[in-house]
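In what follows, a single structure is set out as structure tokens and then discussed.
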Amino acid sequence: MTQTTKFSDEIKVAIIANGKYQSRRVAAKLFDVLRDDPDFYLTKRNPDVVISIGGDGMLLSAFHAYERELDHVRFVGIHTGHLGFYTDYLDDEVDKLIDNLRKDKGDRVSYPILNVKLTLADGRSFTSLALNEAALKRHEKTMAAEVFINGVAFESFRGDGLSVSTPTGSTAYNKSLGGAVLHPTIEALQLTEIASLNNRVYRTLGSPIIVPKHEKVTIYPKRVGSYTLSVDNKTYTNRNVDKVEFSIDEHKISFVATPSHTSFWERVRESFIGDVEE
Ligand code: NAP
Ligand code: MN
């Protein structure tokens with residue numbers, strides 16, 4: 001029976017890396033060390049921990065590869081290159097990561113993700129999860145749509161499109177759209193306009209809106225034609241879209257809690273401002 005006990009103590013680890021030389025080197029090193037270590041078991045299937053090596057873009061891919069296993073999976077991001085938002089370890093900190101995993105008690109840090117449900121005119125619907133954001137645009141010509149917030153007919157939108165972002169996605173596309181940077185412990189969604197057309201006939205609020213947990217944003221496109229829905233790093237095109245609903249999902253993304261966690265505000269400063277004189 002000792003073997004069974006031993007087996008359940010192992011941490012099942014999946015390693016996923018982008019194509020960069022530096023990332024592949026880190027992946028090879030991790031693989032070499034973990035393969036022969038009785039505390040770890042390397043597997044792509046049903047892992048406890050997914051180690052993503054690369055940048056935030058790589059973590060997005062890792063998230064989508066394991067998005068159906070959010071109940072038991074925890075992620076770790078190793079950044080090769082600059083500091084990211086979803087990455088906790090530098091590429092020269094692999095030993096520190098292994099050490100921390102060995103002492104791991106299952107502690108996690110979790111953040112909200114977005115549930116996006118697209119319904120077609122024929123009633124069929126497709127649900128996806130987003131870690132950063134989902135943006136709806138019309139393929140050709142201006143998008144015209146009715147926007148409802150929690151059942152309230154809020155505004156008639158005209159313009160390029162609308163984006164709904166998660167708190168951790170607020171520093172990505174949302175920020176380029178003039179959205180606010182939201183601390184990831186705030187469980188809310190952010191709706192931002194993409195080049196809205198405003199004049200005396202067409203009026204939208206014009207500023208980003210922060211919607212609390214349990215409230216839903218619904219967009220009803222008014223015109224026929226094809227619409228593109230970008231969900232993080234993927235884009236889907238559909239005709240005859242009846243509505244797209246956005247809400248905070250019941251699941252969250254979890255990261256392995258790191259003792260030396262870089263604070264969110266440090267990351268924001270590092271990424272967008274640089275060094276500050278003290
Ligand atoms: P990409 O176009 O190759 O890279 C987008 C950039 O955004 C990368 O530098 C990436 O960092 C960074 N990034 C990703 N998530 C972030 C976050 N939560 N906070 C701050 N920066 C973040 O595309 P990709 O790597 O596949 O990532 C897809 C994401 O790109 C989308 O979810 C969207 O947010 C963003 N995007 C932004 C714009 C825009 O700002 N105009 C337009 C389209 C898409 P790394 O270098 O570390 O990977
Ligand atoms: Mn990228």
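Computed over heavy atoms, backbone and side chain alike; hydrogens, waters and symmetry mates excluded. For ligands, and for the atoms within them, numbers begin at 1 and follow the listed sequence.
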**Item:** Atoms of ligand 1 close to Y86 [distance to a heavy atom under 4.0 angstrom, numbered from 1]
**Value:** 18 (N)

**Prompt:** What about the rings of F148 and Y220, do their centers lie closer together than 6.0 Å?
**Reply:** yes

**Asked** With under 30° as parallel and over 60° as perpendicular, where do the rings of F255 and Y86 fit, or are they tilted in between?
**Response** parallel

**Request:** Could you list which atoms of ligand 1 come closer than 4.0 Å to a heavy atom of H82?
**Result:** 46 (O), 47 (O)

**Fill in**
Between G169 and N174 the two heavy atoms that sit nearest each other are O-CB, 3.8 Å

**Item:** Y173 contact mode with ligand 1 (heavy-atom cut-off under 4.0 Å)
**Value:** both

**Prompt:** Have E193 and T204 got a donor and an acceptor in their side chains that come within less than 3.5 Å?
**Reply:** yes

**Request:** For atom 26 (O) of ligand 1, state which one of T235, T166, L177, N233 supplies the nearest heavy atom.
**Result:** N233

**Request:** Any atoms of ligand 1 less than 4.0 Å from a non-hydrogen atom of T171? List them with their elements.
**Result:** 17 (C), 18 (N), 19 (N), 20 (C), 21 (N)

**Asked** Under a 4.0 Å heavy-atom limit, does E133 contact ligand 1 with its side chain, its backbone, both, or neither?
**Response** side chain

**Item:** Sub-4.0 Å atoms of ligand 1 with respect to non-hydrogen atoms of S176
**Value:** 39 (C), 40 (O), 41 (N)

**Message:** Please classify the T168 to ligand 1 contact at 4.0 Å (heavy-atom distances, strictly less than): side chain, backbone, both or neither.
**Reply:** backbone

**Prompt:** Looking only at heavy atoms, is any part of A172 under 4.0 Å from ligand 1, and if so is it the side chain, the backbone, or both, or is it neither?
**Reply:** both

**Prompt:** Honestly, is K175 close enough over F272, meaning NZ or CZ under 6.0 Å from the six-membered ring centre and within 45° of the axis?
**Reply:** yes

**Same apolar cluster: L189 and L177, side chain cutoff 4.5 Å** = no

**Asked** So is there a nitrogen or oxygen of G55 less than 3.5 Å from a nitrogen or oxygen in ligand 1?
**Response** no

**Request:** In plain terms, say whether D107 and K105 are close enough for a salt bridge, that is, a side-chain N and a carboxylate O under 4.0 Å apart.
**Result:** no

**Prompt:** Hey, which atoms in ligand 1 end up nearer than 4.0 Å to a heavy atom of G57?
**Reply:** 25 (O), 45 (P), 48 (O)

**Message:** If we set the cut-off at 4.0 Å for heavy atoms, which region of D56 has an atom near ligand 1: side chain, backbone, both, or neither?
**Reply:** both

**D160 and R138 ion-paired at < 4.0 Å** = no

